[in-house]
Amino acid sequence: MAPSTTVPSASAIEVPETLLKKRKQNEKAREERLAAAAAARKAQKAKRKVIFKRAESYVKEYLSKEKEEIRLKRAARASGDFYVPAQPKVYFVIRIRGINEIAPKPRKILQLLRLLQINNGIFVKVTRATQQMLRLIEPYVAYGEPNLKSIRELIYKRGYGKVNKQRIPLTNNGVIEESLGKFDILCVEDLVHEIATAGPNFKQASNFLWPFKLSNPTGGWRTRKFKHYVQGGDFGDRETSINKLIRQMN
């Protein structure tokens, strides 16, 4: 008869101390991850509330500005005067010609404005310096005063951010907050508002936006690009008519 063998019970098997430590560490790390995820969800929820409130305040601001503009036009018409709108705060500049036969100074200005390719577009704040620069490069660009609709459509449809010298799509607000959060620009609507109103952090917001890559306008250009817009050509200041060109190229 074979001798009987006894199998030690599971409780009698000693677990190595290193394995116990590892299990404790894993459990602690898991708890920390869950706590961090819960805190992130809570912070994100609070941030969404802030973003929604800001968006609502921006809508009210835009509407009141529009109503005031209409009121001033009506008042001027009623008194038999002409209404002169305020000077534009922001220009949208589009490069429409290549590098052939460009003098060194205009070439340098185009580089400074980051207009390196045909159909590239950027927002610039209207100052005496930028107006002088635009006069020097006028034969190579079309520019004018973009309205709120054009600014919003450009940023939502063609907007890319510059993050670590990389062209990153604005697929979520985190990309914007990471780069511009220190300037209190947390979301796309903050970015639109900063550009549209030429706010105090306009320079940082504009530099964050990668130059817009637009398409050729639907229906083509009006004529050869060597005539000024007022002479039936394409280059130069289009004032508010730039919005029509943006629609054709966006």
Side-chain angles (χ1 to χ4, degrees), residues 48 50-76 83-95 113-115 119-127 130-131 134 141-162 169-173 175-177 179-181 183-215 217-218 229 236-250:
R48 274 201 299 271
V50 171
I51 288 169
F52 284 137
K53 280 183 182 176
R54 283 191 184 187
E56 284 176 1
S57 69
Y58 294 153
V59 169
K60 286 177 184 174
E61 183 186 332
Y62 300 143
L63 284 173
S64 65
K65 188 180 176 184
E66 196 177 318
K67 284 176 182 176
E68 180 65 11
E69 193 92 353
I70 293 166
R71 188 190 67 78
L72 290 170
K73 283 180 183 177
R74 285 175 178 168
Y83 171 70
V84 180
Q87 288 292 315
K89 294 180 179 179
V90 178
Y91 281 144
F92 187 67
V93 187
I94 305 168
R95 181 166 177 173
L113 293 176
R114 302 179 296 148
L115 295 171
N119 295 346
N120 274 180
I122 59 155
F123 293 109
V124 297
K125 197 171 188 175
V126 180
T127 62
T130 55
Q131 285 178 321
L134 287 172
V141 297
Y143 64 95
E145 183 184 358
N147 57 26
L148 177 63
K149 184 182 178 185
S150 295
I151 293 169
R152 184 176 274 129
E153 283 180 357
L154 280 165
I155 292 175
Y156 272 95
K157 189 175 176 182
R158 300 267 184 175
Y160 283 80
K162 185 167 66 177
L170 303 180
T171 49
N172 61 69
N173 292 325
V175 176
I176 296 168
E177 187 181 357
S179 298
L180 299 174
F183 304 111
D184 201 31
I185 299 173
L186 308 176
C187 61
V188 178
E189 280 302 320
D190 285 347
L191 193 56
V192 170
H193 182 262
E194 195 68 24
I195 295 291
T197 59
N201 299 307
F202 176 90
K203 184 181 177 182
Q204 290 81 0
S206 179
N207 287 339
F208 166 73
L209 285 168
W210 197 277
F212 296 91
K213 295 187 176 185
L214 304 175
S215 308
T218 51
Y229 179 71
D237 186 2
R238 295 178 173 232
E239 298 179 352
T240 55
S241 297
I242 193 70
N243 295 295
K244 185 181 177 184
L245 182 61
I246 291 169
R247 304 273 183 286
Q248 292 172 332
M249 298 182 75
N250 198 356

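FYI, the numbering just counts along the sequence from 1. Side chains included, hydrogens not; waters and symmetry mates left out as well; all remaining heavy atoms used. Keep in mind that what you see is a predicted model, and the values were worked out from it rather than measured.
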(request) Rounded to the nearest 0.5 Å, what's the gap from CD1 on I246 to CG on L214? Could you check? (result) 8.0 Å
(message) Going by side chain to side chain donor-acceptor pair (under 3.5 Å), name the residues that satisfy it together with R114, two or more places apart in sequence or in a different chain.
(response) none
(request) For residues K149 and N243, determine if any side-chain heavy atom of one lies less than 4.5 Å from a side-chain heavy atom of the other. (result) no
(request) Output every pair passing salt bridge (charged side-chain N to carboxylate O under 4.0 Å, His left out) with a member in residues 62-74, not counting sequence neighbours, ordered by first then second residue. (result) E68-R71
(request) Just jot down the side chain to side chain contact (heavy atoms under 4.5 Å, CB included) partners of P169, sequence neighbours excluded, or say none. (result) Y160, T171
(message) My understanding is that only residues two or more places apart in sequence, or in another chain, count here; which of them pass salt bridge (charged side-chain N to carboxylate O under 4.0 Å, His left out) with E145?
(response) none
(message) Once side chain to side chain contact (heavy atoms under 4.5 Å, CB included) is applied, do any residues pair with Q248, and if so which ones, sequence neighbours excluded?
(response) P217, T218, K244, L245
(message) Could you work out, with side chain to side chain contact (heavy atoms under 4.5 Å, CB included) as the rule, every residue matching A196, not counting sequence neighbours?
(response) L148, I151
(message) Less than 4.5 Å apart, side chain to side chain, heavy atoms only: is that true for N147 and T240?
(response) no
(message) Is any side-chain heavy atom of D184 closer than 4.5 Å to one of N201?
(response) no
(message) I'd like to know if the side chain of N172 and the backbone of V175 have a donor-acceptor N/O pair within less than 3.5 Å.
(response) yes
(message) Are the side chains of Y91 and I242 in contact, using a 4.5 Å heavy-atom criterion?
(response) no
(request) Drop me the distance from L170's CG to L191's CG, to the nearest 0.5 angstrom. (result) 7.0 Å
(request) Please list, chain by chain and in numerical order, all residues satisfying side chain to side chain donor-acceptor pair (under 3.5 Å) with T127, sequence neighbours excluded. (result) T130
(message) Return the CD1 to CZ distance between I94 and R238, rounded to the nearest 0.5 Å.
(response) 7.5 Å
(message) With a sphere of 6.0 Å drawn around NZ of K89, does it hold more than 12 non-hydrogen atoms of other residues, nucleotides or ligands?
(response) no
(request) Taking all non-hydrogen atoms of both residues into account, name the closest pair between L180 and Q204 and its distance. (result) CD2-O, 3.8 Å
(message) Is there a side chain to side chain contact (heavy atoms under 4.5 Å, CB included) between R95 and N119? Walk through the geometry before answering.
(response) CA-CA 5 Å; R95 181 166 177 173; N119 295 346; over 6 Å; no
(request) With sequence neighbours excluded, tell me which residues meet side chain to side chain contact (heavy atoms under 4.5 Å, CB included) with S179. (result) V163, F208
(message) Going by side chain to side chain donor-acceptor pair (under 3.5 Å), name the residues that satisfy it together with E239, two or more places apart in sequence or in a different chain.
(response) none
(request) Search all heavy atoms of G144 against all heavy atoms of P146 and return the closest pair with its distance. (result) O-CD, 3.2 Å
(message) Could you tell me if the side chain of L113 sits less than 4.5 Å from the side chain of V124, heavy atoms only?
(response) yes
(request) Would you please name every residue forming a ring pair (Phe, Tyr, Trp, His ring centres under 6.0 Å) with F92, sequence neighbours left out? (result) F123, F212
(message) Checking F202 now: which residues fulfil ring pair (Phe, Tyr, Trp, His ring centres under 6.0 Å) with it, not counting sequence neighbours?
(response) none
(request) With sequence neighbours excluded, tell me which residues meet side chain to side chain donor-acceptor pair (under 3.5 Å) with Y62. (result) none
(request) Please tell me if the side chains of N173 and L186 come closer than 4.5 Å, counting only heavy atoms from C-beta onward. (result) no
(request) Step by step, work out the side chain to side chain contact (heavy atoms under 4.5 Å, CB included) result for V93 and L115. (result) CA-CA 9 Å; V93 187; L115 295 171; 3.8 Å; yes
(message) With heavy-atom distances below 4.5 Å as the criterion, would you say the side chains of E153 and R158 are in contact?
(response) no
(request) Evaluate the side-chain proximity of T197 to E61: yes if any heavy-atom separation is below 4.5 Å, no if none is. (result) yes
(request) Would you name the heavy atoms of P200 and E194 that are closest together and state the gap between them? (result) N-OE2, 3.2 Å
